[in-house]
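This report refers to the structure that appears directly beneath it.
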Number of protein chains: 2
Amino acid sequence: MTTEAEYLQQYDPSRFPSPLVTVDSVLFTIAEQALSVLLVQRARQPQQGRWALPGGFIDIEKDDSTHATALRKLTEKTGVSPSWLEQLETFSGPTRDPRGWSLTAAWFALIAWVDCQPHIASVSDAKWVPVSALPNTELAFDHSEIIQAALHRLRQKTMYSLLPVYCLPERFTLTQLHEATEIILGQPIQRKSLIRRFEASGMFEETGESVATGARKARLWRRKPDANIHLFSRNLLAE
Amino acid sequence: MTTEAEYLQQYDPSRFPSPLVTVDSVLFTIAEQALSVLLVQRARQPQQGRWALPGGFIDIEKDDSTHATALRKLTEKTGVSPSWLEQLETFSGPTRDPRGWSLTAAWFALIAWVDCQPHIASVSDAKWVPVSALPNTELAFDHSEIIQAALHRLRQKTMYSLLPVYCLPERFTLTQLHEATEIILGQPIQRKSLIRRFEASGMFEETGESVATGARKARLWRRKPDANIHLFSRNLLAE
DNA sequence: CGAATAGTGTCTATTAGACAGTATGCC
DNA sequence: GGCATACTGTCTAATAGACACTATTCG
């Protein structure tokens, strides 16, 4: 019989074969009227030169969860923190990475295009790719599959929450939210339905400002500082 | 410049410090009118003797995903495959396991009590614990937190699908489904609402049999062999 | 004033909640 | 028949879809 303290003293973490562990994120935005995902060109082997999701290894010294790893990698690539970040799913298996049995904790994130455009435009190894262009793009590892899962999550949540606001700048108009929602779902949405939800959510406040976009000025809104996302009990587009 | 083949030849997976990786599952059932979770007593250090979720290390030789690991561990403990198995979430951090920075891919599962009761009853290191008893139980690692996340998932999904059928035996009555749903949600549900959903789902077929439970006989139903779960676009208990 | 964009009013359709009512089987 | 359990009918309430309507701004 050994105590836990004795056991830990003689514990050797390298005794058992362990999978290769990474963290990858699917960061979406609306770029020029197109739902787009951030891709990064791999600087090193394996799959050197291929486009891949932003991510990498956990820094055991610095990161105190895979959430921290995802946030650190995204901030390195975009210069800012994403507005939304939630765990997606973990992908694993012996063949998804040529180095051997591997596991990646995938995260799902949203950001406003204007918030990171200056940073992205200044580097050559990161770019926004419209999701409509993905079928023609061969990505590293199983990253296409991960993006498909993230896209499914994004569309589902858009039907029962106002998640698309996290793709918009801090101050936004209802028309911007409406357009973002239609772009994500790929079909027309009743503006009235969206506005009803917008009011019922209690998540937003007027800034008092308004902007002209050609005709009547539109009011500018922002998220209330501590408002949590509101989940509706019915979906849009229920058919 | 090295090719990927050259790179892989000299690749040493033990060069970087790596987290300890495990797979744990939260298996629910309805045991004697109580929503219960399967716990296993830890045979070894660390946390020897404490009750914990069924799980363990990935077998790099045998498992071709964490799904396979979860299934293997659950089958070892219960003698059968769970009726429902989906990924929950990955929990990670430097302090959740005394051996160091660790990560567990958590899975969420359902089974009929009668399907595994013979096996569970025959061993002394596994038992069903009603979720109502969990606040008074100190579990290993962060397993209480994992169970809370699973419980939340179970209750959410019960509101927009007929997930509770996966806690029932192969052949079941509408009353059993109704009771399971009420037990999971912890409040009364309109039987009529459930039956409307049951019919609309298209997931079930009559067996032609019926059982007496004291008064009028109840029809026995089963899931159609290849039916996928039906997701409704509105929730129960929307208030 | 007309055109364009922003925003409202209000009718219909769908489906959950409530609960009364009918059916069946055992004593 | 009486009672308990299984099952159905149907009204109300909530909210999404549809779309006509009003409001504001600019030339």
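For the pair A:Phe198 CZ and D:dT15 C1', the computed distance is 19 Å after rounding to whole Å. Rounding to whole angstrom units, NE2 of residue B:His230 and C1' of C:dT15 are separated by 13 Å. Protein atom OH of B:Tyr160 is 20 Å distant from nucleotide atom P of D:dT15, rounded to whole Å. The CZ-P distance, from B:Arg234 to C:dA13, rounds to 15 Å in whole Å. A:Arg196 has its CZ atom 12 Å from the C1' atom of C:dA13, to the nearest Å. Protein atom CG of A:Leu236 is 11 Å distant from nucleotide atom P of D:dA18, rounded to whole Å. Rounding to whole angstrom units, CZ of residue B:Phe232 and C1' of D:dA16 are separated by 18 Å. Atoms CG (B:Leu220) and P (D:dC7) sit 10 Å apart, rounded to a whole Å.
A donor-acceptor contact closer than 3.5 angstrom links the side chains of A:Thr104 and A:Thr22. For the 3.5 Å distance criterion, the side chains of B:His152 and B:Gln148 fail to qualify, holding no donor opposite an acceptor. The closest side-chain donor-acceptor pair between A:Arg219 and A:Ser210, if any, does not fall under 3.5 angstrom.
Ring orientation note: the planes of A:Phe198 and A:Phe172 are nearly perpendicular, at an angle over 60° on the 30°/60° scale.
Each of A:Ala212 and A:Ser193 lies near DNA chain D, and the nucleotide nearest A:Ser193 is the one positioned closer to the 5' end.
Dashed line: the shortest gap from a side-chain N or O of A:Gln190 to OP1 or OP2 of D:dA16 is not under 4.0 Å. Checking the phosphate oxygens (OP1, OP2) of C:dA16, a side-chain nitrogen or oxygen of B:Arg197 falls inside 4.0 Å.
In this structure, B:Arg171 places its CZ atom where only 12 or fewer heavy-atom neighbours from other residues, nucleotides or ligands lie under 6.0 Å away. Atom CZ of B:Arg155 sits in a crowded spot, with more than 12 heavy atoms from other residues, nucleotides or ligands closer than 6.0 Å.
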Tabulate protein N/O versus nucleotide N/O from nucleotides 6-8 of chain C, keeping only pairs under 3.5 Å, one per line.
unit_1	atom_1	unit_2	atom_2	d
C:dA6	OP1	A:Thr175	OG1	3.3
C:dA6	OP1	A:Thr213	OG1	3.4
C:dA6	OP2	A:Thr175	OG1	3.0
C:dA6	N3	A:Arg216	NH1	2.8
C:dG7	OP1	A:Arg219	N	3.1
C:dG7	OP1	A:Arg219	NE	3.4
C:dG7	OP2	A:Arg191	NH2	3.2

Problem - Verdict with supporting geometry, A:Glu86 and A:Arg153, salt bridge (charged side-chain N to carboxylate O under 4.0 Å, His left out) - result: CA-CA 11 Å; A:Glu86 69 174 38; A:Arg153 171 84 59 97; 2.6 Å; yes

